[in-house]
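Heads up: the structure comes next, in structure tokens.
Just so we're clear, the structure is a prediction, and the values are computed from it rather than from any experiment. Order of appearance sets the numbers: ligands from 1, and atoms from 1 within every ligand. As a basis for the values below, the full set of heavy atoms in this structure was taken, side chains included, without hydrogen atoms, waters or symmetry mates.
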Amino acid sequence: MQTIIRKVDENCIDEMIMKEAGALLKQGALVAFPTETVYGLGANALDSEAAAKIYAAKGRPSDNPLIVHIADMDALPLITAEIPEAAKKLAAKFWPGPLTMVMKKSEVVPYGTTGGLDTVAVRMPAHPIALEMIRHGGGYIAAPSANTSGRPSPTLASHVADDMDGIVPLILDGGAVGIGIESTIVDLTDEIPTILRPGFITKEMLQEVVGEVQIDKGLDADSKTPPKAPGMKYRHYAPKAELMIVEGSSEAVVEKINALVKENEEKGICTGIIGTEETVSRYPAGIVKCMGTRNDELSISSHLYGILREFDESDAKVIYSESFEEGAMGSAIMNRLLKAAGHKIIHV
Ligand code: TXA
Ligand code: MG
């Protein structure tokens, strides 16, 4: 299959390209598209054969359900059995935006989209190209991140092309995404809303709208119960090199990483470093990548996956990363980084 990549300007969306994308989606084909979090791989969510193509393209386990993307609030009743009060409040506050809500599904949503579950995850993305494409494609677009299963989520159209060239007919290139890590997922099927995946919308932000919110205990590294979001049990985003996170005061971290790099280089092991604008000049050796500045969380989150992909292209066999605990999105960033590192942490 030949993959066409079309550049789309989000401030001046080309109607012809949206019609082309919409027609493909209505025929049951796949279209990759930008959202404010990461690039998605879209298919008609109400057509299980179309959804099946997503699993095949990604090599995704079939028990891992897809998020259904909508563009208008009016679209929600058709796919849900009931809309909890909390969902209405959260939608009013955070949609369109990086929040996915799990609710009971209606019969219209095939099990092929929900991985056999009786619930459906729904999100209205805050990206003009995504919204236009969803409307042209019939209003219900199932979309996981547009990466091959196990690779970092794509934050640029070129990342999508690296994984999906020859596999999907169309990639809409809307440039770099803004947030860079996937949406917050909150489950509203129980009494107390539960965060299944941390993201840009934090627990505190949700609590301001709906009161008590809990975090799925299955997300803890040492949890005996599996995470409630089936996708969170897989080791995503694993780079080819061994990744370790070095945690401690900034001074101690820089010193430790430099010592480890020196040891590795003496053994001839090519080593990577993930630092920040505040520290990169202090790493004299190794392949040094800058995540962004600690004064701007979005600069950190938006570079994470791209840097992991860049290291896959390098000769690095081991990577040491600084830790990113602080800030509103700290837990979301660390959740992704810890998974990529297989939870390997060096405390200093
Ligand atoms: O930001 C995002 O959410 C991106 C963009 C494209 O919108 N999408 C995304 O999709 O991250 P994906 O497939 O990579 O991750 C979806 C996660 C998986 O962990 C999956 O298990 C969980 O959502 N999920 C989907 N439906 C669910 C459901 N009914 N109950 C529990 N978890 C669900
Ligand atoms: Mg994903």
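- Close contacts between ligand 1 and T37 involve ligand atoms 1 (O), 2 (C), 4 (C), 5 (C) [criterion: under 4.0 Å to a heavy atom].
- Salt bridge E265/K262: absent, no basic N to carboxylate O contact under 4.0 Å.
- The CD1 atom of I201 sits 9.0 Å away from the NZ atom of K93 when rounded to the nearest 0.5 Å.
- Close contacts of ligand 1 with I67, meaning ligand atoms under 4.0 Å from a residue heavy atom, involve 3 (O), 8 (N), 9 (C), 10 (O), 16 (C).
- Using modelled atom types and a 3.5 Å distance limit, the side chains of T279 and E322 yield a donor-acceptor pair.
- Linking Ile, Leu, Val, Met, Phe, Trp and Tyr residues whenever their side-chain heavy atoms come within less than 4.5 Å places M291 and F311 in a single cluster.
- When the heavy atoms of R60, H69, M232 are ranked by distance to atom 7 (O) of ligand 1, first place goes to H69.
- At a 3.5 angstrom cut-off on N or O pairs, Y39 does not count as close to ligand 1.
- Those atoms of ligand 1 that come under 4.0 Å of a heavy atom in P230, given as number and element, are 21 (O), 31 (C), 32 (N).
- Summarising the contacts of atom 15 (O) of ligand 1 with R197, M101, E182, the nearest heavy atom is found in R197.
- Using a 3.5 Å distance cut-off with no hydrogens or angles, the side chains of T194 and Q214 do pair a donor with an acceptor.
- Considering backbone and side-chain atoms alike, I181 places every N or O at 3.5 Å or more from each N or O of ligand 1.
- When each atom of ligand 1 is checked for a heavy atom of A143 under 4.0 Å away, the hits are 8 (N), 10 (O).
- Short contacts between ligand 1 and L196, defined as distances under 4.0 Å to a heavy atom of the residue, involve ligand atoms 31 (C).
- Under 2.8 Å from the Mg ion (ligand 2) lies no N/O/S atom of S153, from backbone or side chain alike.
- Residue D187 does not touch ligand 1, judged by heavy-atom distances below 4.0 Å.
- For the residue pair H136/E20, the side-chain donor-acceptor check at 3.5 Å is not satisfied.
- Under a 4.0 Å N-O distance rule, the pair R151/D312 qualifies as a salt bridge.
- Annotation: T119 places an N or O atom under 3.5 Å from an N or O atom of ligand 1; distance criterion only.
- The atoms of ligand 1 that sit less than 4.0 Å from any heavy atom of N64 are 18 (C), 20 (C), 21 (O).
- Numbered from 1 in the order shown, with element, the atoms of ligand 1 that lie under 4.0 Å from a heavy atom of S145 read 8 (N), 9 (C), 10 (O), 12 (P), 14 (O).
- With hydrogens and angles left out, the side-chain atoms of D47 and Y140 include no donor and acceptor closer than 3.5 Å.
- Under the 4.5 Å side-chain heavy-atom criterion for Ile, Leu, Val, Met, Phe, Trp and Tyr, V348 and I273 are members of the same hydrophobic cluster.
- A distance of 8.5 Å separates CD of E326 from CD1 of I333, quoted to the nearest 0.5 Å.
- Using a 4.0 Å cut-off to heavy atoms of A121, the atoms of ligand 1 that qualify are 25 (C), 26 (N), 27 (C), 29 (N).
- Under 4.0 Å from ligand 1, not a single heavy atom of T114 appears.
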